[in-house]
Amino acid sequence: MSKESSNDLVVKSAPHITGTMTKTRLMLYTFVALLIITVVTAVLWWPVTTPTEGQIAAFKLTNVWALPLGLIVLINAGIAVGISVGIDAALHKVTADSELNTMSAAVFGLIVTLSYSLGVPAMTTGSDVLPVASLSAPGAFFYVAVISLIGLVLFKKLAGLAGRKYVNPAATAKLIVLLPFIASIFLAKEHFASYTEGGLSLPLLAGPLGWGTAPNFLAIGNNGLASFATYLAGSYANPAVTTPVATPDNISSLLILTKFHGWTGGASSLAVIIVGIGLFVVARKYIKWRITLAYFLSIAVMSMIMSTVYADQDLLLRLLFEVFIGSSIFLGFFMATDPATTPFTGIGQIIFGVGLGVLTVVIQTYMNFFGGSLLALIIMNLTVPLIDRVGIHKPFGR
Amino acid sequence: MTQKIVEHKDIARKTPIEIFPDPKIAIVLTYQHTGAQNAPIVSVGDTVAIGQKIADSKERISAPVHSPISGKVVKIGDIYNSCYEECSEAIYIENDGKKTKDKTLQPIAESELKNTANDVLLKRIREAGIIGMGGAGFPTHVKLSLPPDKPIKNLLVNASEGEPYDTADERLLIEKTANLLRGVRVICKILGNPQVTVATKVNKVEAIAKLNEVFGKEPNTKVVAKHLTYQQGDASLLQKAILGYETPPTKRSYEMGTIVQNVATINAIANAVFEGEPLISRVTTLNGEVAEPKNLLVKIGTPVSSILSHYQVSTTDLRQVVIGGVMMGHTIPTIEAPVTKRTSSIIVFSKSKYTPIKPTTACIHCSSCISSCPVSLHPILIYNAIMKGDLEKAQKLYLKDCIACGTCSYVCPSGIPLSGTICASRH
């Protein structure tokens with residue numbers, strides 16, 4: 001829109017000054033926020049080595065390295081960021097059409113890292129259960145590399161060239177790459193197929209949740225002996241230093257402060273909340289905070305509805321789980337707000353957030369798919385063109 | 001949620017108005033207002049006096065122009081017109097230094113104001129060539145000639161001056177406060193004594209003190225200082241901020257019972273009525289990448305080049321010269337372009353201090369243009385429709401409601417020329 005006139009004065013359309021926010025700066029802020037979360041997770045997870053020596057022996061694992069979990073996080077980050085930035089640069093070099101987006105690629109790398117699940121649950125004692133290979137080194141390195149590669153090439157670059165990114169690249173790549181393991185990774189029932197303490201097989205959210213004192217609340221999914229609270233403690237406790245204890249204090253502390261299993265980025269819900277809100281403040285007006293707010297509010301409301309429907313012993317158990325599970329807390333702050341795959345309008349963003357929250361709870365409850373927010377996000381991403389049509393607001397004075 | 005824009009006014013707002021010397025050659029554009037074009041009523045070789053009418057039109061929506069100096073008409077030819085971003089007809093007058101004055105417009109005594117018929121006042125405003133000096137350029141006498149069935153309840157004095165760098169109005173508020181009160185009285189007489197609200201920004205501290213001092217005792221008058229954003233300087237948004245109602249874009253403010261007048265225009269009205277002086281000079285701010293910002297009382301028709309050379313602004317280092325505000329104003333391709341009635345400021349940017357920070361890249365859908373649009377439009381969607389050639393869709397997204405404030409382009413992290421594209425496609 002600008003041209004040099006005969007005596008070299010620049011002639012262009014107004015405005016003639018510009019704000020300081022650029023795409024690169026916005027991505028840099030996001031990168032720093034994600035890096036803080038990566039480092040916090042690495043520090044929290046450094047003392048833990050999973051699978052433990054005991055688990056390695058029990059599972060007769062041959063291709064698993066006993067590395068500190070925190071180190072695995074840092075290596076994952078290095079692999080994902082390295083591959084993303086490297087491919088972005090390489091594509092830019094070979095194809096003229098591909099914009100060089102180093103910062104954006106680096107952010108993508110960290111999103112892949114932080115949305116990747118690590119850590120063998122403390123209570124796992126069986127021999128033929130979890131895909132331990134993907135949850136620990138070196139298997140995790142391989143999957144993180146493949147997710148980065150597919151996500152960047154297919155869902156960032158190719159989709160970008162086609163005109164619009166319809167789905168969140170990191171979420172879609174993760175789902176596709178890990179699809180062969182869907183039963184063992186995502187479906188909670190398999191987590192506990194041989195959880196010997198109670199011999200339970202179906203940890204369903206579509207049932208009353210409780211602490212395990214009254215007969216009805218003993219069951220996870222109505223058919224076992226362990227309670228939902230025991231399940232939470234067993235999933236998220238530090239396998240190296242504690243025996244899972246299902247007390248209210250312990251459950252809250254695990255879900256809010258530190259979990260040792262699940263999404264890397266969700267290790268500390270508190271860290272995600274502080275860093276996430278910090279990013280909203282620093283890059284205000286550039287981050288779609290309405291989605292996050294609407295998402296968590298609708299998750300909370302849906303949890304309460306489910307609690308009522310299934311007559312939970314303790315509403316808080318379900319609420320804590322649905323809000324603070326790693327896939328919920330990290331995705332709500334850092335993936336659901338991805339600008340490219342979310343609605344333009346404020347009303348649209350609220351619709352998107354509510355839809356995401358409702359779908360997440362429904363998927364987790366009825367599909368028995370823990371980490372259901374990932375699938376919910378992809379579904380909601382696909383509705384964005386539609387939401388953008390209904391979200392148009394009237395201008396001033398009309 | 002409107003965007004805050006950095007003001008760059010600290011030094012300029014403290015710099016008193018300086019009288020700029022008359023130009024050796026004045027280049028007076030015949031067409032500076034919004035409405036029907038004027039034609040010259042003088043010929044090459046004619047001698048003209050200060051304040052003599054030199055171009056006019058018989059159409060209702062028009063305002064004449066006058067000679068700012070005394071001398072001889074040496075040429076009638078085209079020059080770049082910053083009001084319209086194209087070349088148009090101008091009358092070149094060579095200064096004879098005699099300062100002979102045209103006496104067509106006689107001063108009206110302040111004590112005579114209440115006995116002067118509205119028709120006389122409106123005719124005076126027209127004959128003095130007064131137009132909206134805040135940027136719109138609409139002839140003021142037309143704006144003030146209202147149908148009798150539309151009574152005016154409010155006169156809103158727009159003293160917000162939100163454009164970054166611009167401080168010309170603010171200096172008028174400080175230095176010509178009493179004259180502004182006289183101008184307000186003229187408008188009140190014409191409008192039938194509406195409630196007067198002088199709306200300004202809290203950070204114009206010195207101006208607020210002067211306004212309270214001078215306007216404080218005036219009946220039916222209040223001074224309101226608010227935290228106004230740059231965008232709230234728009235007449236509709238100012239009415240919303242100060243008077244609390246939204247004017248539909250399909251209606252003019254008088255239909256809502258309000259007239260909004262800019263400070264510089266009110267000053268010109270006072271000069272025309274009480275001094276018999278047509279609109280031949282105005283206060284303009286020289287700011288940007290200059291050694292010292294200035295507020296200049298400059299003759300209309302003074303070439304920008306004279307002002308720049310007078311203050312030793314290096315022309316070889318010039319990168320960009322913006323007339324009428326960095327957010328909404330126009331760049332000029334040549335510094336020979338003259339000052340017009342609408343030149344509220346001349347903002348200079350140099351090559352040596354230029355740092356390109358925002359190349360245009362693909363939209364990242366951050367939607368900050370949408371959330372920061374002060375009139376709740378969807379700039380990126382309108383832009384996309386225009387780029388696809390789908391003007392019908394752009395219209396449906398209320399393309400025409402854009403107030404051209406430039407906020408969307410300002411905030412865009414991808415450097416997309418949203419505002420420029422939208423404004424260009426409205427014509």
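Just so it is clear, the structure is predicted and the values come from calculations on it, not from any experiment. Naming: A, B, ... by sequence-line order, numbering from 1 per chain.
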Strictly under 6.0 Å, is that where the ring centroids of B/His378 and A/Phe344 end up?
-> no
Output the distance between atom CZ (A/Arg284) and atom OG (B/Ser368), rounded to the nearest 0.5 Å.
-> 13.0 Å
Most contact-rich option vs chain B, by heavy-atom pairs under 4.5 angstrom, among A/Met21, A/Lys288, A/Arg398, is A/Arg398
Side chain from CB out, backbone as N, CA, C, O: work out which of these in B/Cys423 comes under 4.5 Å of a heavy atom of chain A, or both, or neither.
-> neither
Establish, from distance only, whether the side-chain atoms of A/Lys23 and B/Thr361 form a donor-acceptor pair under 3.5 Å.
-> yes
Pick whichever of A/Arg164, A/Gln349, A/Arg25 has the most heavy-atom pairs under 4.5 Å with chain B.
-> A/Arg164
Residue part contacting chain A, namely of B/Ala404, when any heavy atom lies under 4.5 Å = neither
So which part of B/Ile403 gets closer than 4.5 Å to some heavy atom of chain A, the side chain, the backbone, both or neither?
-> neither
Under 4.5 Å from any heavy atom of chain A - which part of B/Ser236 = both
Please confirm whether the backbone N or O of B/Ser367 pairs with a side-chain atom of A/Tyr286, one donor and one acceptor, at under 3.5 Å?
-> no
Compare every heavy atom of B/Gly420 with every heavy atom of A/Ser13, then report the nearest pair and how far apart it is.
-> OG-CA, 3.5 Å
Worked verdict on B/Leu381 versus A/Ile392 for side-chain contact (heavy atoms from CB on, under 4.5 Å) = CA-CA 10 Å; B/Leu381 300 183; A/Ile392 299 287; 3.4 Å; yes
Using non-hydrogen atoms only, which part of B/Met328 is less than 4.5 Å away from chain A: side chain, backbone, both, or neither?
-> backbone
Heavy-atom closest pair, residues B/Asp401 and A/Pro395 | OD2-CG, 3.7 Å
Most contact-rich option vs chain A, by heavy-atom pairs under 4.5 angstrom, among B/Gly415, B/Ala362, B/Cys408, is B/Ala362
Non-hydrogen atoms of chain A under 4.5 Å away: do they reach the side chain of B/Ile347, the backbone, both or neither?
-> neither
Which of B/Pro164, B/Ser419, B/Pro249, B/Ser414 touches chain A most, by non-hydrogen pairs under 4.5 Å = B/Pro249
Just by distance, do the side chain of B/His365 and the backbone of A/Thr341 share a donor-acceptor pair under 3.5 Å?
-> no
Give, as side chain, backbone, both or neither, the part of B/Lys251 having an atom under 4.5 angstrom from any heavy atom of chain A.
-> neither
What are the two closest non-hydrogen atoms of B/Gly406 and A/Pro15, and how far apart are they?
-> O-CG, 3.4 Å
Heavy atoms, side chains only, cut-off 4.5 Å: are B/Ile332 and A/Val11 in contact?
-> no
Decide if atom CZ of B/Arg426 counts as having more than 12 heavy atoms of other residues, nucleotides or ligands within a radius under 6.0 Å.
-> yes
Shortest non-hydrogen separation from A/Leu9 to B/Leu318 and the atoms involved = CD2-CB, 3.8 Å
How far apart are the closest heavy atoms of B/Tyr165 and A/Ile17, and which atoms are they?
-> CE1-CG2, 4.2 Å
At their closest point, which heavy atom of B/Tyr398 faces which heavy atom of A/Lys394, and how far apart are they?
-> OH-NZ, 3.1 Å
Go through the atoms of A/Leu26 and report whether side chain, backbone, both or neither lie under 4.5 Å from a heavy atom of chain B.
-> side chain
So with a 6.0 Å cut-off around CG of A/Leu297, is the heavy-atom count from everything else above 12?
-> yes
